[in-house]
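To start, the structure itself, in structure tokens.
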Protein chains: 2
Amino acid sequence: MYNERIKKTGLEDRVTTAAAAAGLFRDKMVVASSGFTKAGDSKAVLKALATRAASDPLQITLLTGASLGHGTDGLLTAAHVLQKRMPFQVDPILRQGINNGEVLFIDQHLGESAEIIHEKIIPGIDIAIIEALLINEDGSIVPTTSVGNSPTFAAAANKIIVEINTSVPLSLQGIHDIFSAGTWPDKQLIPITETGTRIGTSAIPVDPAKIAAIVFTETTDSPAAINERDDKTRAIAAHLLQFFDHEIKKGRLLHSLRPLQSGIGKVANAVMEGFIDGNFHHLTMYSEVIQDSAFNLIDAGKLNFASASSITVSQDCYHRVFSNFEKYKPHLVLRPQDISNAAEVIRRLGVISINTAIECDIYGNVNSTHIGGTHMMNGIGGSNDFARNAFLSIFVTQSSSKAGAISHVVPMASHIDNTEHDVDIFVTENGLADLRGLAPRERAKVLINNCAHASYRDELNDYFSNACKAGGQTPHLLQEALSWHARFKENGTMH
Amino acid sequence: MYNERIKKTGLEDRVTTAAAAAGLFRDKMVVASSGFTKAGDSKAVLKALATRAASDPLQITLLTGASLGHGTDGLLTAAHVLQKRMPFQVDPILRQGINNGEVLFIDQHLGESAEIIHEKIIPGIDIAIIEALLINEDGSIVPTTSVGNSPTFAAAANKIIVEINTSVPLSLQGIHDIFSAGTWPDKQLIPITETGTRIGTSAIPVDPAKIAAIVFTETTDSPAAINERDDKTRAIAAHLLQFFDHEIKKGRLLHSLRPLQSGIGKVANAVMEGFIDGNFHHLTMYSEVIQDSAFNLIDAGKLNFASASSITVSQDCYHRVFSNFEKYKPHLVLRPQDISNAAEVIRRLGVISINTAIECDIYGNVNSTHIGGTHMMNGIGGSNDFARNAFLSIFVTQSSSKAGAISHVVPMASHIDNTEHDVDIFVTENGLADLRGLAPRERAKVLINNCAHASYRDELNDYFSNACKAGGQTPHLLQEALSWHARFKENGTMH
């Protein structure tokens with residue numbers, strides 16, 4: 001087995017257990033781990049580190065691509081290992097640690113998170129843990145189901161621990177496109193002109209002398225949740241598909257649309273699934289994550305090509321795809337996240353980006369991260385990498401939740417991650433607001449009347465018209481602007 | 001004179017008066033005009049249009065590069081000509097019209113404002129007015145002191161009115177670099193790898209059949225205000241120059257720094273002037289506007305090259321520069337604003353961006369546009385084009401104003417244009433906050449203690465520590481968060 005997965009000779013003696021590898025870490029170290037939306041993450045060593053910390057406490061700064069698999073961040077938080085964490089997470093226990101101030105969380109644009117290392121803004125990386133399919137003859141590492149920030153981590157780290165995951169089939173080799181634009185002042189163009197353009201190599205260059213340990217695992221990626229379509233998500237998808245049809249009629253889009261980016265979640269999934277039945281073909285994706293819907297679209301003959309930084313799918317889809325990977329391989333490429341999320345490429349390709357909002361204010365400013373303006377949900381992720389540079393920046397959410405107690409269209413967003421300048425289209429199950437070419441006072445009318453829940457529409461219109469009496473480009477009554485959120489906190493309803 | 005300025009034969013009969021050209025406009029037309037930060041704007045036809053409207057009312061949508069010269073937007077507003085205006089303005093009368101709801105203002109990223117036309121989101125441009133140095137043999141137009149959106153306007157417009165400005169010396173020819181990346185799906189790379197890279201042509205391609213009128217003017221650009229350094233701006237500049245020195249010592253910057261972008265205003269000017277005395281050399285600029293300070297730096301042998309979309313200088317500087325333009329020409333290039341502000345190039349070049357904030361909250365979210373959260377000042381301009389993609393995104397402002405009645409560091413920004421993700425460094429006369437690699441709770445401490453005015457520091461620290469008791473990644477007390485602004489409105493002070 002070693003021969004197949006460790007092609008470089010002389011590395012066999014570095015094979016060890018996760019527990020032994022966990023012994024390499026010291027207090028205050030800066031640690032980096034592969035992993036992007038639960039794919040291709042460390043499955044053994046980080047967990048072993050949490051176990052070790054129970055008897056031998058230490059604290060680290062942990063950098064990743066994006067989120068790790070189920071439980072890992074939670075175990076590390078519970079063991080008080082995390083002093084600082086960046087750039088993204090989705091773990092309920094870590095979330096608690098962040099919000100009570102125990103863990104310092106730096107919520108970063110995923111496309112820019114490698115820069116903090118390139119520019120030496122944080123101290124160097126002591127140890128990087130990288131899940132691999134295999135180690136090549138030259139010591140280079142072929143990653144598994146994600147690339148994320150691993151090329152940057154491997155280049156910057158003093159030591160590297162490789163987790164070779166034998167559950168990932170070798171047929172995955174060749175799907176990665178590892179490219180670095182370099183660092184200033186020799187930063188290069190990123191010459192991607194189509195979703196499928198390949199510009200790099202199939203493995204991550206690594207100095208074999210830095211490989212401090214090799215750990216074998218056979219644990220598969222944590223599966224994505226299955227997002228069954230419901231009435232609300234179906235309605236949102238229908239509004240959006242109708243809008244695309246309208247844009248095709250107007251001559252502003254072709255039936256192949258433009259390269260699609262879709263965030264994670266029920267709604268985005270429903271929209272993507274909606275393309276199966278619609279009058280769209282030769283679709284392409286330039287996104288962060290390839291999800292179930294992409295494989296369904298490939299099977300339906302609708303999707304020509306998908307570029308992303310990871311493959312994150314449900315358990316059923318995982319088996320379907322990886323047992324027959326040669327079928328899907330010609331349609332896929334996995335890139336480093338500073339390439340999948342590069343402003344340069346997103347703008348050049350004219351991406352249509354679809355992301356989920358927590359709430360949106362009447363002028364179209366979007367909160368993507370903070371519950372009640374204060375408590376972190378997951379992080380900004382790639383939403384603004386895409387929204388800021390997309391041809392069409394679309395945000396979706398339900399109009400209300402908690403049996404109507406919360407309106408997701410509010411007078412003023414309690415936190416802002418995507419400003420009105422970067423929000424073109426907003427969609428709820430009630431309808432779609434096309435905000436392009438509209439001034440704030442126009443945006444408010446369309447947003448309230450098309451998107452807000454019927455039970456909040458009058459209150460929003462009242463707020464808006466009272467605010468207009470006080471004047472301004474973006475009329476607000478500052479004393480009332482956040483009162484809906486305060487009211488919810490106090491009374492359990494925004495009404 | 002015609003021979004020198006109109007080289008294409010057969011166009012002489014289109015020479016007419018501004019008043020006659022103003023007769024070409026109809027109600028509800030979409031009109032575009034050259035002009036960027038007061039440079040290279042329409043000086044005759046737009047004013048004649050305002051005059052005409054007094055007796056023959058009409059309303060238009062007006063697009064520009066950025067701001068027009070003194071008074072033009074004001075005259076148009078007073079004559080009720082403006083129904084909609086985009087993407088930027090600095091006029092006190094127009095500002096009033098915007099804030100009382102008479103004029104619909106679309107506040108756009110300057111680097112993206114051409115896109116709304118390329119993508120046919122607004123109806124086509126009926127008439128474009130473009131100030132020119134001359135018309136070439138092939139009908140192409142050489143612009144004057146700015147390029148702005150003129151190439152896009154010229155390509156999209158049904159008719160073009162050319163304002164030939166004889167006050168601008170012919171030696172300016174050759175300074176422009178007109179390039180278009182094209183439109184989807186054939187959008188090209190923007191192959192600029194150094195501030196001085198030339199990738200285009202020296203004139204704007206124009207179909208001569210579209211030239212409906214040619215008007216001669218001899219009015220010079222409105223001069224920029226002279227920004228004398230005062231104690232506060234000197235202190236801000238000193239903090240920033242000290243920071244650059246520190247970064248050089250750390251090995252993160254060279255003495256040539258990286259390409260600089262600087263917004264307009266007293267503080268930015270003071271910082272740029274500060275480079276004259278500091279230990280910096282071979283500086284470069286990749287910016288929107290070339291101001292007095294750039295020419296002073298060239299004269300001092302400190303600045304090698306400046307790339308921007310316009311030259312906007314004081315009256316004294318104007319005469320100094322344009323009477324001896326051959327001296328400065330090798331150091332300058334003027335580009336279309338979708339190139340000067342291109343995400344792709346800004347990120348590749350690793351720009352250091354310095355922009356002025358209206359206010360900043362304790363977590364580093366910046367309000368660049370709205371007074372009291374509601375009333376438009378100028379517009380977002382290029383601040384977020386640069387801040388979002390810069391290697392170092394710096395915002396500057398005074399810590400307090402109106403004799404201490406207003407704190408420019410506040411608990412929560414009343415409007416957000418640049419989110420905490422895009423703000424690396426914040427500077428006031430009190431000090432500098434290096435926010436890189438810090439989580440929100442860390443950012444708050446540094447921002448309050450280094451930047452806030454001493455008289456507000458305790459109140460801000462109280463707010464922050466009370467907010468922390470309620471928890472969260474970004475602790476806030478929503479009922480108090482905007483109370484400082486409300487208090488100022490009511491009592492005339494934030495205290």
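Chain naming here is simple, since letters A, B, ... match the order of the sequence lines and numbering starts at 1 in each. Please read all numbers here as calculations on a predicted model, not as lab measurements.
The minimum heavy-atom distance between S383(B) and N418(B), with the atom names listed, is OG-ND2, 3.5 Å. Shortest non-hydrogen contact noted between T77(B) and G97(B) is CG2-CA, 4.3 Å. A470(A) and L477(A) make their closest contact through CB-CD2, 4.4 Å (heavy atoms, listed as atom of the first residue, atom of the second, distance). The heavy-atom pair separating H255(B) from L283(B) by the smallest distance is O-CD2, 4.1 Å. Nearest heavy-atom pair across G379(B) and F105(B) is CA-CE2, 4.5 Å.
Under the 4.5 Å side-chain criterion, counting only non-hydrogen atoms from C-beta, V446(B) is not in contact with D434(B). At least one side-chain heavy atom of Q83(A) sits under 4.5 Å from a side-chain heavy atom of L104(A). Using a 4.5 Å cut-off on side-chain heavy atoms (C-beta onward), V410(A) and F488(A) make no contact. Considering only heavy atoms from C-beta on, Y363(A) comes within 4.5 Å of P475(A) through its side chain.
Of the atoms belonging to T193(A), it is side-chain heavy atoms, and not backbone ones, that fall under 4.5 Å from chain B. For D107(A), the parts lying under 4.5 angstrom from a heavy atom of chain B are both the backbone and the side chain. Contact annotation for E247(A): neither backbone nor side-chain heavy atoms come within less than 4.5 Å of a heavy atom of chain B. Contacts between N100(B) and chain A at a heavy-atom distance below 4.5 Å involve the backbone alone (N, CA, C, O). With a threshold of 4.5 angstrom between heavy atoms, I98(B) approaches chain A through its backbone and through its side chain. For P191(A), the parts sitting under 4.5 Å from any heavy atom of chain B are the backbone and the side chain alike. The part of H415(B) that comes within reach of chain A is its side chain, from C-beta onward, which places non-hydrogen atoms under 4.5 angstrom from that chain. When heavy atoms are compared at a cutoff of 4.5 Å, R95(A) does not approach chain B at all. Neither the backbone nor the side chain of I371(B) comes within less than 4.5 Å of any heavy atom of chain A. Contact annotation for D186(B): neither backbone nor side-chain heavy atoms come within less than 4.5 Å of a heavy atom of chain A. The part of K84(B) that comes within reach of chain A is its side chain, from C-beta onward, which places non-hydrogen atoms under 4.5 angstrom from that chain. For R252(B), the part sitting under 4.5 Å from any heavy atom of chain A is the side chain, from C-beta outward, and nothing else. Only the side chain of I380(B) has a heavy atom closer than 4.5 Å to any heavy atom of chain A. If you measure heavy-atom distances from A343(B) to chain A, the contacts under 4.5 Å come from both the backbone and the side chain. Looking at E119(B), the atoms closer than 4.5 Å to chain A (heavy atoms on both sides) sit in the backbone and in the side chain alike. There is no contact between E102(A) and chain B, counting heavy-atom distances below 4.5 Å. At a 4.5 Å heavy-atom cutoff, D361(A) makes no contact with chain B through either its backbone or its side chain. D385(B) touches chain A through backbone and side chain together, each having a heavy atom under 4.5 Å away. At a 4.5 Å heavy-atom cutoff, the contact between R441(A) and chain B is made by side-chain atoms alone. Residue contact with chain B, scored on non-hydrogen atoms closer than 4.5 Å, involves the side chain of L254(A) exclusively. With a threshold of 4.5 angstrom between heavy atoms, F391(A) approaches chain B through its backbone and through its side chain. For M86(B), no part lies near chain A; criterion is any non-hydrogen pair under 4.5 Å. For E112(B), the part lying near chain A is the side chain, with the backbone staying farther off; criterion is any non-hydrogen pair under 4.5 Å. Only the side chain of H370(B) comes within contact range of chain A, with at least one heavy atom under 4.5 Å from a heavy atom of that chain.
No other option in H118(B), Q188(B), E115(B), K489(B) has as many heavy-atom pairs under 4.5 Å with chain A as Q188(B). For chain A, the option among D417(B), I122(B), N389(B) with the highest count of heavy-atom pairs below 4.5 Å is D417(B). Residue with the most contacts toward chain A among H476(B), M376(B), H375(B), R348(B): R348(B) (heavy-atom pairs, distance under 4.5 Å). Ranking A467(B), G101(B), A342(B) against chain A, the residue ahead of the rest is G101(B), based on heavy-atom pairs under 4.5 Å. In terms of non-hydrogen atom pairs under 4.5 Å with chain A, the most contact-rich of L189(B), I116(B), I121(B) is L189(B). Chain A forms the most heavy-atom pairs under 4.5 Å with one residue out of K250(B), K120(B), E442(B), and that residue is E442(B).
H485(B) and E359(B) share a side-chain donor-acceptor pair at under 3.5 Å. Between the side chains of R388(B) and N384(A), at least one donor N or O lies within less than 3.5 Å of an accepting N or O.
In this structure, H421(B) and H109(A) have tilted ring planes: the angle between them lies in the 30° to 60° band.
To the nearest 0.5 Å, atoms CG (N365(B)) and CG (D422(B)) are separated by 9.5 Å. In this structure, S483(A) OG and M412(A) CE are separated by 11.0 Å, a value rounded to the nearest 0.5 Å.
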